[in-house]
There are 2 protein chains.
Amino acid sequence: MLDAVRIAKALSDPVRYQILLMLARSQKECCPVPGARDQRPGLCNCEIMAELGLIQSRVSYHMKELAEAGLVTEEPRGKWKMYYINQKTLTGFTQLLKSDFNLK
Amino acid sequence: MLDAVRIAKALSDPVRYQILLMLARSQKECCPVPGARDQRPGLCNCEIMAELGLIQSRVSYHMKELAEAGLVTEEPRGKWKMYYINQKTLTGFTQLLKSDFNLK
DNA sequence: TGCATGTATCAAAAATATTTGATACAATGA
DNA sequence: TCATTGTATCAAATATTTTTGATACATGCA
């Protein structure tokens with residue numbers, strides 16, 4: 001499948017889009033994970049569950065979809081897992097659209 | 001639903017993405033529709049069917065999806081229908097992604 | 001080690017999306 | 001008008017995706 005289609009599919013679910021928005025906006029210190037956001041904004045599952053009111057396996061499923069599309073990077077921190085947005089993939093996607101469709 | 005999600009969903013099907021690519025690249029004179037591409041590149045159903053090997057109702061379905069997402073504009077020309085890509089929508093989409101996710 | 005907690009995976013159910021063939025509708029031209 | 005041609009729509013069949021609850025796996029700590 002075309003790379004662009006793959007990423008569009010990942011972006012095409014409201015839950016996943018919201019999660020990405022959360023990741024892009026996350027700034028404050030993560031509740032339980034120590035030092036998790038020292039470097040860059042990110043979130044752990046628990047924050048996403050709480051914020052969006054989703055059960056754990058549902059979040060897990062969508063994070064996997066996002067990770068497989070290259071939109072987020074996962075990092076284990078002890079028994080937690082941190083997720084970071086992958087702006088490079090999104091930028092590549094917009095550039096691909098530009099060149100595919102002759103956008104200015 | 002978020003506007004960006006709506007457009008991502010329209011882009012997330014391989015058939016639709018191919019159709020959009022065809023629309024963006026269409027240059028030469030359209031086979032049956034007189035004067036259809038005087039102004040801008042566009043295609044009629046029959047060309048899409050032929051090029052991608054799809055039956056008519058399938059093309060019709062996907063064109064409707066694309067039109068409803070604002071990605072193509074439809075113009076009846078007699079008994080034919082011409083489709084034109086809507087670059088403005090695509091550009092808006094990339095800009096939305098940029099601002100939503102702080103891309104450079 | 002054993003318990004508590006967080007995440008991943010699985011299978012089944014539910015929800016959506018896509019494909020198809022049949023048919024309806026609209027425009028053209030004889 | 002009627003026959004022809006191109007497109008839209010419909011309902012049914014498929015296929016795909018998403019959601020859920022149960023369970024497995026891994027980590028940290030007493």
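Every heavy atom of this structure was used, including side-chain atoms; hydrogens, water molecules and symmetry mates were not. So that the names make sense, note that chain A is the first sequence line, chain B the second, and so on, each numbered from 1.
- Nucleotide dT18(C) holds its P atom 14 Å from the CE atom of Met63(B), rounded to whole Å.
- Checking Arg16(A) against Ser60(B), the closest nucleotide of DNA chain D that is more toward the 5' end is the one next to Ser60(B).
- Taking 4.0 angstrom as the limit, Lys81(B) places none of its side-chain polar atoms (N or O) nearer than this to OP1 or OP2 of dG6(D).
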Base-contact (B) and sugar-phosphate-only (S) positions in nucleotides 19-30 of chain D, heavy-atom cut-off under 4.0 Å, - elsewhere
BBB-----BS--

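- The side chain to side chain contact (heavy atoms under 4.5 Å, CB included) with Leu43(B) is formed by just one residue from the set Ile85(B), Val72(B), Ile48(B), Ile19(B); it is Ile48(B).
- Each of Leu66(A) and Leu96(A) belongs to its own hydrophobic cluster when Ile, Leu, Val, Met, Phe, Trp and Tyr are linked at side-chain heavy-atom distances under 4.5 angstrom.
- Remark: P of dG6(C) and OH of Tyr83(A) are 14 Å apart, rounded to the nearest angstrom.
- Listed by first and then second residue, the side chain to side chain donor-acceptor pair (under 3.5 Å) pairs that reach into residues 86-101 of chain A are Thr73(A)-Asn86(A), Asp100(A)-Tyr17(B), sequence neighbours excluded.
- A side-chain donor-acceptor contact under 3.5 Å links Arg16(B) to the backbone of Lys9(B).
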Distances for protein N or O near nucleotides 12-16 of chain D N or O, under 3.5 Å:
none

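- Side-chain contact between Tyr83(A) and Leu23(A): present, with at least one pair of heavy atoms (C-beta onward) separated by less than 4.5 Å.
- The phosphate of dA8(C) has neither OP1 nor OP2 within less than 4.0 Å of any side-chain N or O from Lys64(A).
- Rounding to the nearest 0.5 Å places CG of Leu11(B) at 5.5 Å from CZ of Phe93(B).
- Between the CD atom of Glu65(A) and the P atom of dA8(C) there is a distance of 13 Å, given to the nearest Å.
- Rounding to whole angstrom units, CG of residue Asn45(B) and P of dA27(C) are separated by 16 Å.
- Taking the salt bridge (charged side-chain N to carboxylate O under 4.0 Å, His left out) definition, one finds that Glu74(A) meets it with Lys81(A), sequence neighbours left out.
- The side-chain contact (heavy atoms from CB on, under 4.5 Å) test applied to Gln56(B) returns Met49(B), Ser60(B), not counting sequence neighbours.
- Put simply, CE on Met49(B) is 14 Å from C1' on dT19(C), counting in whole angstrom units.
- Residues forming a side-chain contact (heavy atoms from CB on, under 4.5 Å) with Ile55(B) (at least two apart in sequence, or on another chain): Ser57(B), Arg58(B).
- Rounded to an integer number of Å, the gap from Ile48(B) CD1 to dT7(D) C1' is 12 Å.
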